[in-house]
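In what follows, chains are A, B, ... by sequence order, proteins preceding strands, each numbered from 1. Hydrogens, waters and symmetry mates play no part in the numbers below; they use all other heavy atoms, side chains included.
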Amino acid sequence: MTKRTFPKWNTYTWVGLLMTGLVLLLGIVGLFWTPYSTTQMNAAEIFQGPSLRHLFGTDNFGRDVFSRVMEGLSATILISTVVVLFAAGAGIVIGAFTGYFGGVLDEIVMRITDAVNAFPSILLTLVILSVLGSGRQNLILSLSIVFVPSFVRIVRGEFIRLRDADYIKRARLMGVGRVRILFVHILPNIFSVFWVSVMIGFNNAILAESGLSYLGIGVQAPDATLGNMLADAQGYLQVAPWYVLAPGLTIVWLVLGFSLLSEGIRIGGAQDD
Amino acid sequence: MKYLGKKLFTLVMTLFLVSVIAFLSFEIIPGDVVSSILGTEATPEREAQLREELGLNDPPVVRYVNWATGVLKGDLGVSYRYSKNMNEMMPVAELVGDKLPVTLWLAAFSLIMIIAVSIPLGVMWAKSNNRFLDAALNVVTQTTMAIPSFFLGIMVTYIFGILLKWFAPGGYVSYEKDPWGFAGYLLFPALSIALPKIAMTARFLRNSMLKEMQSDYVRTAYSKGATKRKVMYGHVLRNAMIPVITFLGMIIAEIVAGSIVVEQVFGLPGVGRLLISSISTRDFPVVEILILYIAFVIIFVYFLIDILYRVVDPRISEK
């Protein structure tokens with residue numbers, strides 16, 4: 001059996017990668033450079049429609065919407081990356097140990113993840129944020145906590161599936177250490193399932209972040225994220241529809257890209273098995 | 001019956017745990033409630049008096065017990081932010097009371113839309129052999145699922161409210177004044193919550209049916225001369241619906257979360273908007289009650305789904 005850390009490519013994976021890649025690139029560039037200043041107001045250019053000079057038009061302060069979308073994208077991407085890295089990392093460690101060893105600890109962890117998974121993530125984050133107070137750091141912290149259980153669940157299930165596989169039994173007989181079995185022998189074999197959950201995690205993080213920022217509880221102005229841009233833009237729906245469409249469609253594009261990627265990896269992973 | 005008793009016990013225990021967590025997490029928050037209500041200018045005597053009135057001098061356990069027994073008796077406490085008049089504080093029950101029907105109706109409308117559209121759509125999709133239709137539905141549902149409810153809400157406002165003028169954006173009439181107008185104002189918010197969930201449920205049902213259609217009992221039914229119609233509705237759909245019921249439980253939890261966001265988009269005076277504003281103004285008695293209420297709805301829905309699941313699939317209770 002050849003080990004593959006990433007399943008076979010298919011149309012879904014290609015289209016998904018292309019879609020997310022394009023937007024991620026914009027977001028990364030947006031960290032360092034934007035075509036126009038994102039804060040400089042310009043009274044002469046208020047509410048200009050999309051044109052070659054301003055691809056997505058300008059907003060109520062005459063700021064270039066395209067530049068603000070780039071800035072918002074980088075914030076959204078940065079936040080969701082940190083959240084997914086933390087939650088997936090914690091999920092791997094907790095899921096690996098509870099799934100492989102079982103026992104009382106496993107039972108307790110499972111009850112907690114069941115309880116947390118029963119509630120929509122945006123609601124739980126809202127509750128934690130109401131205790132911690134809003135803002136970027138607290139948003140990242142609370143989303144990270146809320147997202148851990150979904151990863152634990154998936155990783156645990158895979159470790160249970162594989163812990164009695166022949167090659168694991170053989171490794172045990174040969175005297176391979178426990179930690180090595182967990183992370184060198186089993187972990188590489190769960191990657192296709194794991195990547196799917198990472199992509200779904202990204203989606204949920206993006207949706208939760210933009211939802212909370214839209215509600216005014218996540219990232220606060222003047223920092224732009226796609227969510228709070230939408231909240232600002234909503235008031236000008238009638239005069240400047242492009243101002244709403246730009247951040248909104250960017251979210252849709254990003255989320256769609258990640259779901260196509262996860263679909264592609266899932267199908268590819270099933271073909272590998 | 002034994003099963004029902006066990007489930008009821010779990011239900012009560014979970015609610016108890018949620019109430020403890022909801023209450024205690026707001027106890028650890030730094031900041032003095034009294035000075036935030038009265039401002040910094042208040043006299044020490046007035047502060048001490050209010051502290052006594054609100055029972056803030058008691059230890060947390062006593063306060064929890066007082067709060068919980070109050071809630072059970074229907075006394076939900078007083079809001080820190082809203083007041084009835086100069087001398088009287090606003091009871092949370094009154095604050096929440098008239099917001100509840102808005103959210104409940106909104107959730108009910110969207111659930112009805114989801115069930116009414118997604119089930120026929122899923123069945124039709126599973127039955128069709130048309131490759132073009134299959135591809136089209138695939139693209140449409142994937143895209144719909146990617147639209148966050150608040151953006152969908154804004155788009156619905158733009159298309160139906162501003163371009164077509166089918167409703168007045170930001171408008172609302174109360175249930176008592178005009179039931180039909182009330183329903184009309186809830187229709188479009190409900191649509192924004194329902195659309196992505198319709199796509200999700202239809203996909204889920206279709207996949208579930210495709211899986212069932214490969215079972216042996218389907219072949220047997222056909223070989224016994226059953227018509228396609230009979231096999232599809234009498235056998236496949238019935239079995240395919242079992243996982244869909246669990247899925248719908250999850251969807252209901254998502255509807256509750258979705259309504260919080262969508263109420264904000266359409267400016268509906270529901271529980272969600274109250275929750276958001278109470279969080280921003282740190283009005284914790286209101287937040288606690290709303291968390292408890294939402295948790296109760298979700299836990300109760302899962303409880304009902306568990307029961308329903310056994311009714312639909314008798315095999316589970318035999319085990």
Q: Give the intermediate values and the outcome of side chain to side chain contact (heavy atoms under 4.5 Å, CB included) for residues A/L126 and B/I276.
A: CA-CA 9 Å; A/L126 211 60; B/I276 303 293; 4.0 Å; yes
Q | CA sep, side-chain torsions, deciding dist, call: B/F150, A/S210, side chain to side chain contact (heavy atoms under 4.5 Å, CB included) | A | CA-CA 9 Å; B/F150 51 94; A/S210 46; 3.7 Å; yes
**Q.** side chain to side chain contact (heavy atoms under 4.5 Å, CB included) between A/S259 and B/Q142, intermediate numbers included
**A.** CA-CA 8 Å; A/S259 23; B/Q142 279 278 12; 4.0 Å; yes
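Contacts of B/L275 with chain A are made by side-chain atoms alone, with heavy-atom separations under 4.5 Å and no backbone atom involved. For A/I217, the part lying under 4.5 angstrom from a heavy atom of chain B is the side chain only. With a 4.5 angstrom heavy-atom cutoff, B/Y158 touches chain A via backbone and side-chain atoms both. Using a 4.5 Å cut-off between heavy atoms, B/I147 contacts chain A through both its backbone and its side chain. For a residue to count as touching a neighbouring chain, one of its non-hydrogen atoms must lie under 4.5 Å from one of that chain's; by this rule B/I299 touches chain A with the side chain only. Contact annotation for B/N138: only side-chain heavy atoms (C-beta onward) come within less than 4.5 Å of a heavy atom of chain A. Proximity to chain A involves both the backbone and the side chain of B/V261, based on heavy atoms less than 4.5 angstrom apart.
Atom OG of A/S130 sits about 9.5 Å away from atom CD of B/E288, to the nearest 0.5 Å. Rounding to the nearest 0.5 Å places CD of B/E254 at 9.5 Å from CG of A/L123. Atom CD of residue A/Q238 and atom CG of residue B/L163 lie 8.5 Å apart, to the nearest 0.5 angstrom.
A/Y236 OH: 12 or fewer foreign heavy atoms inside a 6.0 Å radius.
The stretch residues 242-249 of chain A places A/V244, A/L245, A/G248, A/L249 near chain B, each with some heavy atom under 4.5 Å from a heavy atom of that chain.
Within the 4.5 Å cutoff, side-chain heavy atoms of A/Y214 are placed close to those of B/I154. Side chains of A/L129 and B/I279 form no contact here, defined as non-hydrogen atoms less than 4.5 Å apart. Counting heavy atoms from C-beta on, the side chains of B/F151 and A/I251 never come closer than 4.5 Å.
Among A/L215, A/N203, A/L207, A/I122, the residue making the largest number of heavy-atom pairs under 4.5 Å with chain B is A/L215. Chain A forms the most heavy-atom pairs under 4.5 Å with one residue out of B/G258, B/P148, B/S149, and that residue is B/P148. In terms of heavy-atom pairs under 4.5 Å with chain A, the best-connected choice from B/G161, B/S278, B/A257 is B/A257.
Side-chain atoms of A/Q234 come within 3.5 Å of backbone atoms of B/V265 as a donor-acceptor pair (strictly under, hydrogens ignored).
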